[in-house]
**Student:** 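Just dropping this structure here.
Worth knowing before you read on, the calculation uses all heavy atoms, side chains too, and leaves out hydrogens, waters and symmetry mates.
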Amino acid sequence: ISKQKPDVIINSVAMVGINPCEEDPGKAFALHATAALNMIKESAAINATFIQTSSHAVFDGSKDEPYTEDDTPRAGNVYAVSKYAAEMFASTWCPKHYVVRFPTMYGPRRNASPGFVDKVLQWIDEGRELQIAHDKIDSPTYVKDAAEAVLELALNKRPYGTYHIANEGIVSYFDFIKQLAALLGASNKVHPVKDADFPSLAPKALKTSMRSIKLEPLRLWNHALEDYVENELK
């Protein structure tokens, strides 16, 4: 950062998944918090804009309505706490900062760890019956839409601060995957189950849908999903 002196830095480094972070909290905090702090300080030193990516996981899922930028985080696992630490570092150390929180996302990815939708697509290809949580509520978001929204923040020099970026609407994982299977013309049976049927090493929030009260809404989640299927999967 000090050598290249960029105008904008986007930190999207993350350990994928709750369990890996619980198994190695030292690594999770080193990547999510300590590394972020080092970059944030360097960014402030050269007067650069720093964009810290974060997650709906910083909320505890106790709210029946979508979380907005005005809601106070209550992080309950290593992943969430370490990501929230980076948020606090950015807001404290770097005057020119954006914290962007995302829900569950799907679409092309740069790392080798498959996301939720990637796993489901593999199961569909294998002809498996699907067990999907009906009580897990989210605002699944197409990465293309999320990336464009982040760029819009920086290029149009929106006021610095925290922003929620998500496709509009809320939906259960079960209904989302039912819609995905229908768009693909898949014949796999999709069974509703509880999220508790998939145990983890730390608490998982059930209701983490999001919306922004600072930005214009992104397109509806089902419209984004249709675009993803049409342009990425067919």
Side-chain angles (χ1 to χ4, degrees), residues 12-33 36 52-69 71-88 99-107 109 111-123 128-143 146 162 164-167 169-180 190-211 221 225:
S12 58
V13 174
M15 285 179 67
V16 179
I18 289 177
N19 286 350
C21 294
E22 295 296 322
E23 292 167 344
D24 194 346
K27 182 178 180 181
F29 274 92
L31 287 173
H32 294 160
Q52 174 62 44
T53 62
S54 191
S55 167
H56 60 172
V58 299
F59 298 109
D60 65 3
S62 61
K63 187 181 178 184
D64 291 328
E65 300 295 322
Y67 284 96
T68 74
E69 293 92 343
D71 288 308
T72 302
R74 292 185 63 189
N77 55 57
V78 170
Y79 173 82
V81 172
S82 58
K83 293 294 284 184
Y84 186 51
E87 292 188 15
M88 299 302 293
V99 169
V100 289
R101 294 185 184 132
F102 301 119
T104 296
M105 294 196 290
Y106 60 90
R109 55 196 299 126
N111 61 51
S113 300
F116 170 62
V117 171
D118 301 308
K119 295 175 182 177
V120 170
L121 290 172
Q122 181 179 341
W123 298 335
R128 295 169 55 176
E129 294 190 6
L130 308 177
Q131 313 282 333
I132 308 296
H134 69 85
D135 55 349
K136 181 81 169 172
I137 309 300
D138 207 337
S139 301
T141 295
Y142 187 12
V143 293
T162 298
H164 286 187
I165 294 178
N167 283 125
I170 62 176
V171 64
S172 71
Y173 272 31
F174 173 76
D175 288 330
F176 179 80
I177 295 304
K178 285 276 287 185
Q179 178 73 0
L180 173 62
V190 186
H191 302 286
V193 297
K194 292 184 177 181
D195 189 62
D197 293 331
F198 309 101
S200 69
L201 299 178
K204 296 183 295 179
L206 282 179
K207 298 174 289 187
T208 53
S209 61
M210 301 173 65
R211 70 178 181 90
W221 69 266
L225 183 61

**Student:** To the nearest 0.5 angstrom, please state how far the CG atom of Asp71 sits from the CZ atom of Arg211.
**Tutor:**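 Reported to 0.5 Å precision, the distance equals 9.0 Å.
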**Student:** Looking at every non-hydrogen atom in both residues, tell me the closest pair between Ser139 and Met210 and how far apart they are.
**Tutor:**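 The pair with the smallest heavy-atom distance is OG-N, 3.1 Å.
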**Student:** Where do Gly61 and Thr208 come nearest, in terms of heavy atoms and distance?
**Tutor:**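 Gly61 and Thr208 have their closest heavy atoms at CA-CG2, 4.4 Å.
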**Student:** Could you point out which residue of Phe116, Trp221, Tyr142 forms a ring-ring contact (aromatic ring centres under 6.0 Å, His included) with Tyr106?
**Tutor:**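 Exactly one option meets the ring-ring contact (aromatic ring centres under 6.0 Å, His included) with Tyr106, and it is Tyr142.
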**Student:** Heavy atoms only: give me the nearest Ser172-His134 pair and the separation to one decimal.
**Tutor:**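 That closest heavy-atom pairing would be CB-O, 3.4 Å.
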**Student:** On a heavy-atom basis, which atom in Asp118 and which in Arg109 lie closest, and how many Å separate them?
**Tutor:**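 Smallest interatomic distance, heavy atoms only, reads OD2-CD, 3.2 Å.
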**Student:** Please give me the minimum heavy-atom distance between Val143 and Gly107, naming the atom from each residue.
**Tutor:**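 Where Val143 meets Gly107 most closely, the heavy atoms are CG2-CA, 3.7 Å.
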**Student:** Give the table of side-chain donor-acceptor pairs shorter than 3.5 Å for residues 76-84, with sequence neighbours excluded, one pair per line with atom names and distance.
**Tutor:**
| residue | atom | partner | partner atom | Å |
| --- | --- | --- | --- | --- |
| Asn77 | OD1 | Tyr79 | N | 3.3 |
| Asn77 | OD1 | Ala80 | N | 2.8 |
| Asn77 | ND2 | Pro203 | O | 3.1 |
| Ser82 | OG | His32 | ND1 | 2.8 |
| Ser82 | OG | Val78 | O | 2.8 |
| Ser82 | OG | Tyr79 | O | 2.9 |
| Lys83 | NZ | Thr53 | O | 3.0 |

**Student:** Rounded to the nearest 0.5 Å, what's the gap from NE2 on His56 to OG on Ser209? Could you check?
**Tutor:**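 Those atoms lie 10.0 Å apart.
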**Student:** Output all residues satisfying side-chain hydrogen bond (donor to acceptor under 3.5 Å, both in side chains) with Gln52, sequence neighbours left out; order by chain, then residue number.
**Tutor:**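 Listed in chain order: Asn11.
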**Student:** For the backbone of Ala133 and the side chain of Asp197, can you confirm whether one donor and one acceptor N or O come within less than 3.5 Å of each other?
**Tutor:**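 No; judged by distance alone, with no hydrogens or angles, the pair does not exist.
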**Student:** Any chance CZ of Arg74 has more than 12 other-residue heavy atoms, nucleotides or ligands included, within less than 6.0 Å?
**Tutor:**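 For Arg74, atom CZ is not crowded (no more than 12 foreign heavy atoms under 6.0 Å).
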**Student:** Considering residues, nucleotides and ligands other than Glu129, do more than 12 of their heavy atoms fall under 6.0 Å from its CD?
**Tutor:**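 Count over threshold, so yes.
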**Student:** Please report the closest heavy-atom contact between Thr68 and Lys63, naming both atoms and the distance.
**Tutor:**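 Closest approach of Thr68 to Lys63: N-NZ, 4.3 Å.
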**Student:** Are the side chain of Lys136 and the backbone N or O of Ala205 linked by a donor-acceptor pair below 3.5 Å?
**Tutor:**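 The answer is yes, because a donor-acceptor pair under 3.5 Å joins these two groups.
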**Student:** I'd like to know if the side chain of Thr141 reaches the main chain of Met105, judged simply by a donor and an acceptor atom lying under 3.5 Å from each other, with no hydrogens or angles considered.
**Tutor:**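 Answer holds: no.
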**Student:** Phe59 vs Tyr67 aromatic rings, parallel, tilted or perpendicular, using cut-offs 30° and 60°?
**Tutor:**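 Ring orientation, 0 to 90° scale: parallel.
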**Student:** Do Leu225 and Asn167 make a side-chain contact, defined as non-hydrogen atoms from C-beta onward lying under 4.5 Å apart?
**Tutor:**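 Counting from C-beta outward, Leu225 and Asn167 never come under 4.5 Å.
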